[in-house]
Amino acid sequence: MELDLAASSTNITDDINTWEEVNLLYNAALKQITTKIEILNEEFQEVHRYNPIEHVKARVKAPESIVKKLKRNGYESTIGNMVRYVNDIAGIRIICSFTSDIYRIAEMISNQKDIQVITVKDYIMNPKNSGYRSYHMIVSLPVYLSDRIVNVKVEIQIRTVAMDFWASLEHKIQYKFEGKAPGHINEELTECAEMVANLDARMLQLNEEILAIEGEH
Ligand code: GTP
Ligand code: MG
């Protein structure tokens, strides 16, 4: 009997029963996205002679963190609730050099036919109160199993090296103070975030000037 895979494409919430299945599916989705990003980066290197991507980090959220998040949002810890309500079980972070690369990468990802963009949050155009800047996408992509196709959600965070530097330090500080850092520290962090944005803008401008000079030669 031939399987009609297209007809059997399912929503992940319908037929995932165990943590092992969740882990398998989200790991598979991360592998696919990672490969797609590597290919885009290599192609970009071929065509434009530079790498827009500095590095990529991928992780599946620890089960304890998933349970904590469900609890925080008032949901029971079931597999169904995990896949329905936790959008960042699979997470990938793409770190690039310049702000312009962020939008280029986001567009290349969105243009892939098998990737469906579910939501976009542009914290570069609209930074968070903390000062946090990054470009977030929740996407869904099909994972092919032996007897069915399952659409799996992945959170993609795209940011510059400078934004990443700020975000990782800020995260560490908030963790240390359990999210309640003293006011002056928060103010200092927000100010640093603005310096980072300014640095990114100046580095971008510098790079564009250099590219223009190269173009003349
Ligand atoms: P979470 O429940 O934290 O996942 O938030 P959300 O579902 O409302 O999504 P949001 O886009 O606000 O944040 C998603 C992720 O972005 C977080 O899990 C962090 O990794 C990162 N993030 C968001 N805000 C901040 C911030 O102020 N500082 C740092 N360091 N990271 C942040
Ligand atoms: Mg998160």
Side-chain angles (χ1 to χ4, degrees), residues 12-13 22-23 26-27 29-30 33-34 37 53-96 99 101-103 105-106 109-110 115-141 151-200:
I12 192 164
T13 46
V22 170
N23 204 32
Y26 285 92
N27 259 308
L30 277 183
I33 289 257
T34 306
I37 290 162
I53 297 167
E54 288 282 334
H55 60 271
V56 174
K57 280 181 259 176
R59 65 102 183 92
V60 173
K61 204 177 183 76
E64 310 87 76
S65 309
I66 299 174
V67 168
K68 219 191 261 174
K69 191 165 188 174
L70 280 175
K71 205 177 264 177
R72 196 168 63 231
N73 294 318
Y75 297 114
E76 231 184 295
S77 295
T78 64
I79 298 286
N81 284 345
M82 278 184 190
V83 295
R84 219 183 324 258
Y85 300 118
V86 185
N87 287 331
D88 63 344
I89 295 179
I92 187 155
R93 192 170 284 159
I94 305 171
I95 315 295
C96 48
T99 315
D101 296 328
I102 296 176
Y103 292 100
I105 293 160
I109 293 170
S110 316
I115 294 185
Q116 195 200 338
V117 178
I118 299 173
T119 54
V120 168
K121 290 187 197 165
D122 186 345
Y123 296 127
I124 299 162
M125 292 282 282
N126 305 295
K128 288 204 163 189
N129 287 335
S130 60
Y132 178 76
R133 284 164 173 81
S134 248
Y135 190 93
H136 292 189
M137 293 198 280
I138 307 288
V139 303
S140 159
L141 76 162
N151 292 314
V152 181
K153 280 184 282 188
V154 178
E155 181 189 73
I156 306 177
Q157 300 181 345
I158 318 175
R159 51 171 83 142
T160 62
V161 181
M163 290 171 193
D164 190 50
F165 177 42
W166 182 92
S168 40
L169 181 61
E170 194 262 358
H171 180 76
K172 258 183 237 164
I173 291 171
Q174 297 304 346
Y175 189 82
K176 206 166 275 178
F177 290 103
E178 290 169 343
K180 298 180 200 79
H184 77 279
I185 291 187
N186 285 327
E187 279 163 32
E188 186 80 7
L189 279 168
T190 311
E191 224 173 275
C192 286
E194 262 131 49
M195 290 168 74
V196 162
N198 191 257
L199 177 66
D200 269 335

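Counting convention: from 1, in listed order, for ligands and their atoms alike. Counting begins at 1 with the first residue of the sequence.
No N or O atom of Glu155 sits closer than 3.5 Å to an N or O atom of ligand 1.
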* Asked: Should Ile53 and Asp101 be marked as a side chain to side chain contact (heavy atoms under 4.5 Å, CB included) after you check the CA-CA gap, both sets of side-chain angles, and the distance that decides it?
  -> CA-CA 8 Å; Ile53 297 167; Asp101 296 328; over 6 Å; no
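Between Ala162 and Asp200 the shortest heavy-atom distance is CB-OD1, 3.7 Å. Contact detail for Met163 and Val196: the closest heavy-atom pair is N-CG1, 3.8 Å.
The side chain of Arg72, and not its backbone, has at least one atom closer than 4.0 Å to an atom of ligand 1 (non-hydrogen atoms only; side chain from C-beta on). Within the 4.0 Å heavy-atom criterion, the part of Asp88 lying near ligand 1 is the side chain and not the backbone.
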Donor-acceptor pairs under 3.5 angstrom involving side-chain atoms of residues 72-79: please list them, not counting sequence neighbours.
| unit_1 | atom_1 | unit_2 | atom_2 | d |
| --- | --- | --- | --- | --- |
| Asn73 | ND2 | Lys69 | O | 3.2 |
| Thr78 | OG1 | Asn81 | N | 3.0 |
| Thr78 | OG1 | Asn81 | ND2 | 3.4 |

Report all side-chain donor-acceptor pairs from residues 169-185 shorter than 3.5 Å, counting only partners two or more places apart or in another chain.
| unit_1 | atom_1 | unit_2 | atom_2 | d |
| --- | --- | --- | --- | --- |
| Glu170 | OE2 | Gln174 | NE2 | 3.3 |
| Gln174 | NE2 | Asn186 | OD1 | 3.1 |

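Considering only non-hydrogen atoms, atom 23 (C) of ligand 1 lies nearest to Lys128 out of Lys128, Arg133, Glu170, Lys61. Compare Tyr123, Tyr132, Tyr175, Trp166 by their heavy atoms: the one nearest to atom 11 (O) of ligand 1 is in Tyr123. The nearest non-hydrogen atom to atom 13 (O) of ligand 1, considering only His136, Lys69, Arg93, comes from His136.
Those atoms of ligand 1 with a heavy atom of Ser130 less than 4.0 angstrom away are 26 (C), 27 (O). Short contacts between ligand 1 and Lys121, defined as distances under 4.0 Å to a heavy atom of the residue, involve ligand atoms 6 (P), 8 (O), 9 (O), 10 (P), 11 (O). Distances below 4.0 Å separate heavy atoms of Gln157 from the following atoms of ligand 1: 15 (C), 16 (O), 19 (C), 20 (O), 21 (C). Atoms of ligand 1 lying under 4.0 Å from any heavy atom of Ala167, numbered from 1 in the order shown and given with element: 30 (N).
The environment of Phe165 atom CZ is sparse: at most 12 non-hydrogen atoms of other residues, nucleotides or ligands sit within 6.0 angstrom.
Distances from ligand 1 to the non-hydrogen atoms of Gln174 include no value under 4.0 Å.
Checking side-chain atoms of Trp166 against main-chain N and O of Leu189 turns up a donor-acceptor pair under 3.5 Å. With hydrogens and angles disregarded, no donor-acceptor distance shorter than 3.5 Å links the side chain of Ser140 to the backbone of Lys153.
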